[in-house]
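Whatever order the structure lists them in is the order used to number ligands and atoms, beginning at 1.
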Amino acid sequence: MHITPTQLTQLSHDILAAYGFTPEHQKSITHTLVTAQQDQCHSHGVWRLLGLIDTLKHGKISATATPTITQDVGSIVKIDAHMGSATTAFSVGLPRLIEKAQQNGIALLAINHCVHFSALWVEIEQLTQAGLIAINSTPSHAWVAPAGSTKPLLGTNPLGFGFPRINPQEPYVFDFATSATARGEIQLHHRHGTQMPEGLAIDAQGNPTTDPAAAMQGAMLTFGGHKGSAISTMVELLAGIAIGDMTSQESMAFADGTPTLPYGGEIIIAIDPKILLGDDWTAHQQRGEDFLNQFNASGARLPSQRRFKARAQNQQQGYIELDDNLYADLQNLLTLAN
Ligand code: NDP
Ligand code: PYC
């Protein structure tokens, strides 16, 4: 079906309000999920509302938490999400993060005690729009086996990176799970009754599988073997341990057998190239442009170019395509709440 961004935004607000989420949560969650839907990032679009409400029903997210700043010293801002959505804590921390990066050249935002369920690029783009280079990451649940093992220990542990381009609407951004695919992709295969591509997961006996149900009982694989595995350990240490928050294994233990969203921390680092390079930044940014243009000229596409194309197309046509069954499930959520 076709739905306008305004209608989808209203539906998401209505669902969240019906389940008792504060206006701040309604706004930040809806913005994140509708933005992802518009860019055709289905694994982190409005489908996530189903898992979010399930998480609420299991008591593993707070709909009414107000994030508080717990540290604001030098280049560091820390926010306690008090078990609320990471999206709202990010909205609270963003102005201070930008301000500090513009003052000091580099700044770090640590979000603690948050429920994280979104695509990282939505945050990254808010930093590149402010002219900043950005990196963010968060652990998740222990679904992924380290390279060389068949036992889940690591999270899907996404890593986002953004670099401001001369056209601020199309920054250079990549953002992916350090597992071979996001958990959300496997869940969507399960939901749609389709097989997964090969090389993403093993079953409970350690054999390769393309069956999403068997994969969810077994373990997901890291991307790039030992390399993705090592980067994933960095995420556990940097976005978990170093900010005093949970590892993916601890998040899984916190879920206590419930099919709920990951709980823990997130780290966001912002660098202001205008402080790093002063007036020289303009010339160096042009060198960055030349480099990225060469990448495209080689026949390769840049990460995010598919998204930007989908976004432009959706904006031009004035509607977003939404799976009929998903729309029915979202309406059903609303009916059940009222
Ligand atoms: P993908 O494997 O699809 O990789 C995504 C990135 O790679 C995007 O930047 C994408 O750009 C780019 N890309 C994909 N194919 C190509 C290609 N052929 N050439 C160049 N670039 C390409 O995504 P994942 O399944 O790993 O992750 C999807 C999402 O899941 C992410 O947004 C991530 O943040 C989210 N996630 C969130 C978690 C959380 O805890 N909150 C946990 C894990 C994942 P484009 O979009 O333009 O295709
Ligand atoms: O797709 O791996 C995932 C994921 C975990 C939390 C949010 N998305």
Quiz item: Going by heavy atoms, is His141 under 4.0 Å from ligand 2?
Solution: no
Quiz item: Counting each atom of ligand 1 from 1 as listed, which ones have a heavy atom of Ala119 under 4.0 Å away?
Solution: 32 (O), 34 (O)
Quiz prompt | Plane angle bin for Tyr319 and His2 - parallel if under 30°, tilted between 30 and 60°, otherwise perpendicular | solution = parallel
Quiz item: Are Arg165 and Glu170 close enough for a salt bridge, meaning some N to O gap below 4.0 Å?
Solution: no
Quiz item: Can a salt bridge be assigned to the pair Asp39 and Arg306 using a cut-off of 4.0 Å between side-chain N and carboxylate O?
Solution: no
Self-check item: Part of Arg48 with heavy atoms under 4.0 Å of ligand 2, whether side chain, backbone, both or neither
Solution: side chain
Quiz prompt | The single option from Leu49, Thr30, Leu50, Val46 passing side chain to side chain contact (heavy atoms under 4.5 Å, CB included) against Ile15 | solution = Leu49
Practice problem: Using non-hydrogen atoms of the residue, decide whether Ser304 is closer than 4.0 angstrom to ligand 1. | Solution: yes
Quiz item: So among His141, His116, Lys60, which one has a side-chain hydrogen bond (donor to acceptor under 3.5 Å, both in side chains) with Ser251?
Solution: His141
Exercise. Take every heavy atom of Gln187, measure it against each atom of ligand 2, and state whether any distance is under 4.0 Å.
Key: no
Quiz prompt | Trp143: numbered ligand 2 atoms lying under 4.0 Å from its heavy atoms | solution = 2 (O), 5 (C)
Quiz item: Applying a 4.0 Å heavy-atom criterion (strictly less than), which segment of Phe223 is in contact with ligand 1: side chain, backbone, both, or neither?
Solution: neither
